[in-house]
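Notes for the one structure printed next.
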Amino acid sequence: MLVTLGIIFGDIGTSPLYVLKAIVGDSVINADLIFGGVSCIFWTLTLQTTIKYVIITLKADNHGEGGIFSLYALIRRRVKWLFIPTIIGGSTLLADSLITPSISVSSAVEGLKVFNDSLPIIPIVMFIITLIFVFQQFGTDVVGKSFGPTMLIWFSMLAAFGIYSLHHNYAILKAVNPYYAFNLICIYPKGFWVLGAVFLCTTGAEALYSDLGHCGRLNIQYAWIFVKTSLLLNYFGQGAWLLSNAGSTLAERNPFYMIMPSWFVIFGVIIATVATIVASQALISGSFTLINEAIRLNFWPKIRIVQPTNFRGQMYIPSLNWLLWAGCIGIVWHFRESTNMEAAYGLSIIVTMLMTSFLLGFYLYFRRRPKPVIVIFAVIYGIVEGAFLVANLSKFTHGGWITFAIAIFLFTIMWIWYDSRKVRNKYAEFVKLNGYPDLMKELSRDMEVPKYSTHLVYLTSADRISEIESKIIYSIFQKQPKRADVYWFVHVDVQDKPYTMEFKVLEMVKGKVYRIDFLLGFRVEPRINLMFRKVVEDMVANKEVDISSRYESLNKKNLTGDFRFVVLEKFLSYDNELPFYEKLLMNCYFVLKELSLSEEKAFGLDTSSVNVEKVPLILNPSRNIHLKRIG
């Protein structure tokens with residue numbers, strides 16, 4: 001549970017830094033606004049975070065893993081078009097990753113203004129954010145162990161100063177009554193739009209679900225009792241201080257720091273800054289996990305992934321890391337102050353929550369939950385999240401368009417990469433294997449053909465064991481006849497279970513032709529070179545295959561024969577007549593493919609034993625060629 005505090009609750013745990021400040025804004029402090037705002041916070045944390053996420057959504061785990069892509073993996077085989085809400089939710093969640101570290105660190109550092117209004121806050125914030133991203137490449141295995149104790153201190157501080165501040169006005173506890181929330185939303189002038197600021201108290205709930213695999217459902221649920229209690233005490237404490245200052249405006253004051261004794265503020269700023277660093281670290285790690293899942297589910301181009309430590313699930317994605325860094329620096333530079341970020345924050349994440357609810361409804365239906373329960377869930381959260389969405393739309397012109405534009409850009413990449421695969425599959429040419437394995441056996445005995453390799457390995461995308469790509473057959477028998485002693489076909493099948501690592505071996509011709517199917521979970525990196533070697537070693541131990549060199553001089557010394565991988569790299573042929581949409585889609589796909597990892601690197605193949613053959617991708621060949629012979 002201590003580890004859970006550090007990994008899971010960083011994002012939602014730092015929200016007291018800015019939520020009530022955002023609710024009050026430039027308004028004159030009055031009882032209706034404060035009672036209504038605190039009541040909305042209480043019921044949002046109860047309905048949205050506690051009931052929807054902590055109680056219901058965490059049960060929708062994919063063998064212990066959570067997040068919108070894990071949820072999609074559970075139901076994708078039932079309804080094909082559910083990839084649309086999935087990539088919408090994934091895109092908006094990634095876009096939110098840009099503004100969360102920016103607003104959290106800015107809110108914490110701005111506490112220094114209590115001592116000196118002229119302090120250069122922006123350079124300090126940028127320096128801290130840069131350090132966070134620079135540190136990613138070294139891993140967080142060691143520092144991660146301090147996250148739990150750090151957040152324990154943070155939540156204890158929230159609770160302590162919340163209780164300390166309640167003496168200003170215990171009447172704030174009446175905000176538990178939902179009437180005050182109703183009064184703010186329905187009666188208070190322009191009160192409905194305050195929901196855009198209230199929503200900031202639950203923005204970390206989606207990240208809570210995404211990080212399920214790191215700590216487990218029960219740890220999160222039990223730790224949430226302590227976290228929610230600490231958060232509410234602090235919110236109520238801030239509310240009490242605000243009631244005691246009714247009739248004034250906040251100006252540059254932040255109620256989070258105002259409830260602390262003046263002598264403690266500097267310590268509060270330090271603790272808050274460290275807590276936001278922890279929150280940012282957890283969010284960045286979550287973004288790495290999200291992109292890794294997207295790659296394995298064919299939503300994102302293949303990019304370089306590094307494992308800086310041996311800690312399970314920990315990874316570092318250099319390209320994404322520096323893109324996030326540039327985005328965060330740009331956000332800080334553009335908005336300048338956390339107050340301006342508050343005006344833009346939340347629009348993208350509410351879209352993610354709506355998409356999660358949508359997928360969760362299908363999940364409950366497929367799990368045969370009572371239909372009245374599903375209807376009640378859909379109605380309640382359709383109203384609650386729909387209201388938050390409408391309220392957050394007011395942020396669009398205040399900077400919300402930035403994260404929204406980023407989300408659209410990310411969605412476009414995911415759409416192109418996923419839909420182009422469907423187009424390729426539609427026109428893909430597979431042939432029946434039938435007599436080809438026997439022909440390979442004959443080719444391997446034909447001494448007139450120069451030997452290409454002792455063991456020849458092809459990667460195939462054919463799901464059916466009875467089929468193979470026509471381009472592979474062309475490569476073996478026609479392009480340059482490739483004589484080998486043993487032929488191997490390797491296929492990777494991405495499984496719905498996150499950490500599946502299994503394989504199947506089919507012997508097509510005894511001692512001559514084999515097919516290996518790797519069944520890998522969507523969170524497993526396909527290091528095919530190492531996995532293939534492990535399978536072959538296992539087959540040798542079971543005396544299923546002989547991998548010794550076939551050359552007489554080397555065979556005497558019991559040396560292992562050479563292995564060579566052949567990768568077919570496709571390019572879009574000019575000999576295509578595609579519809580406008582498919583032509584545009586495929587052109588965009590190949591632009592992205594140029595920017596992504598090559599096939600051999602993506603599958604972790606040793607480049608010294610890989611031959612890349614370029615083959616034209618002919619999707620819809622031109623038929624309208626009429627030539628007239630005149631001689």
Side-chain angles (χ1 to χ4, degrees), residues 62-63 65-77 80-98 136 206-207 209-214 283-307 313-324 327 348-349 351-353 355-356 358-359 403 406-422 424 492-500 520-527 585 588-589 591-593 595-597 599 601-604:
N62 189 341
H63 295 81
E65 296 295 328
I68 193 164
F69 286 139
S70 292
L71 180 58
Y72 166 73
L74 286 170
I75 58 178
R76 63 175 176 156
R77 301 188 192 278
K80 299 297 183 183
W81 57 266
L82 286 180
F83 78 93
I84 298 175
T86 302
I87 60 177
I88 291 174
S91 303
T92 49
L93 185 59
L94 277 172
D96 177 69
S97 300
L98 296 177
Q136 297 304 313
E206 188 67 36
Y209 177 43
S210 297
D211 290 330
L212 170 62
H214 290 291
L283 195 74
I284 295 166
S285 298
S287 299
F288 292 160
T289 301
L290 194 71
I291 283 294
N292 181 54
E293 291 178 354
I295 292 171
R296 302 295 297 123
L297 291 169
N298 287 302
F299 287 140
W300 194 263
K302 296 177 176 68
I303 53 179
R304 181 168 171 251
I305 299 175
V306 179
Q307 263 100 21
Q314 186 174 120
M315 64 194 71
Y316 170 63
I317 304 179
S319 56
L320 180 62
N321 184 69
W322 296 115
L323 279 174
L324 289 175
S348 60
I349 198 66
V351 176
T352 304
M353 289 185 171
M355 296 304 102
T356 298
F358 187 75
L359 295 176
T403 52
I406 293 169
I408 291 174
F409 174 72
L410 296 172
F411 172 83
T412 303
I413 292 176
M414 291 188 186
W415 177 274
I416 290 170
W417 198 257
Y418 184 83
D419 210 39
S420 62
R421 183 170 176 265
K422 293 202 301 183
R424 285 182 292 127
V492 178
D493 189 6
V494 179
Q495 300 293 294
D496 295 340
K497 297 178 182 179
Y499 289 106
T500 299
L520 305 180
F522 62 86
R523 281 200 172 185
V524 177
E525 184 182 359
R527 304 177 70 180
L585 184 71
C588 292
Y589 164 77
V591 170
L592 290 175
K593 199 170 188 301
L595 299 173
S596 63
L597 282 181
E599 289 291 318
K601 290 182 179 178
F603 284 104

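All values below were derived from every heavy atom in this structure, side-chain atoms included, with hydrogens, water molecules and symmetry-related copies excluded.
Separating the CG atom in D96 from the CE atom in M353 is a distance of 9.0 Å, to the nearest 0.5 Å. How far CZ of F83 is from CG of L359: 12.5 Å, rounded to the nearest 0.5 Å. Interatomic distance, CZ of R527 versus CD1 of I305, reported as 11.5 Å (0.5 Å rounding). Between the CZ atom in R304 and the CD1 atom in I317 there is a gap of 11.0 Å [rounded to 0.5 Å]. To the nearest 0.5 angstrom, L297 atom CG is 11.5 Å from I87 atom CD1. L592 contributes atom CG, which lies 5.5 Å from atom CD1 of I416 (distance to the nearest 0.5 angstrom).
Considering every non-hydrogen atom in both S596 and W417, the closest pair reads OG-CH2, 4.1 Å. Scanning both residues, E293 and S70, for their nearest heavy atoms gives OE2-OG, 3.6 Å. Shown here for S287 and L94, the closest heavy-atom pair between the two residues is CB-CD2, 4.0 Å. When all heavy atoms of D211 and G286 are compared, the closest pair comes out as OD1-CA, 4.2 Å. Taking both residues in full, the closest heavy atoms of P498 and E65 are given as CG-CG, 3.3 Å, listed atom of the first, atom of the second, then distance. Taking all atoms of both residues into account, the shortest heavy-atom contact from S348 to T92 is O-CB, 3.1 Å.
Side-chain contact between N321 and F288: present, with at least one pair of heavy atoms (C-beta onward) separated by less than 4.5 Å. In this structure, I413 and P301 have side chains that are in contact, with non-hydrogen atoms separated by less than 4.5 Å. Side chains of L98 and L324 form a contact here, defined as non-hydrogen atoms less than 4.5 Å apart. For the pair W300 and N292, the minimum side-chain heavy-atom distance is 4.5 Å or more.
Looking at T352, its side chain does come within 3.5 Å of a backbone N or O of L93 through a donor-acceptor pair. A distance-only check finds a donor-acceptor pair linking the side chain of R296 to the backbone of V524 [under 3.5 Å].
Remark: K497 NZ is loosely packed, at most 12 non-hydrogen atoms of other residues, nucleotides or ligands lying under 6.0 Å away.
Centroid-to-centroid, the aromatic rings of F299 and Y72 come within less than 6.0 Å. Residues F522 and F69 place their aromatic rings such that the two centres sit no closer than 6.0 Å.
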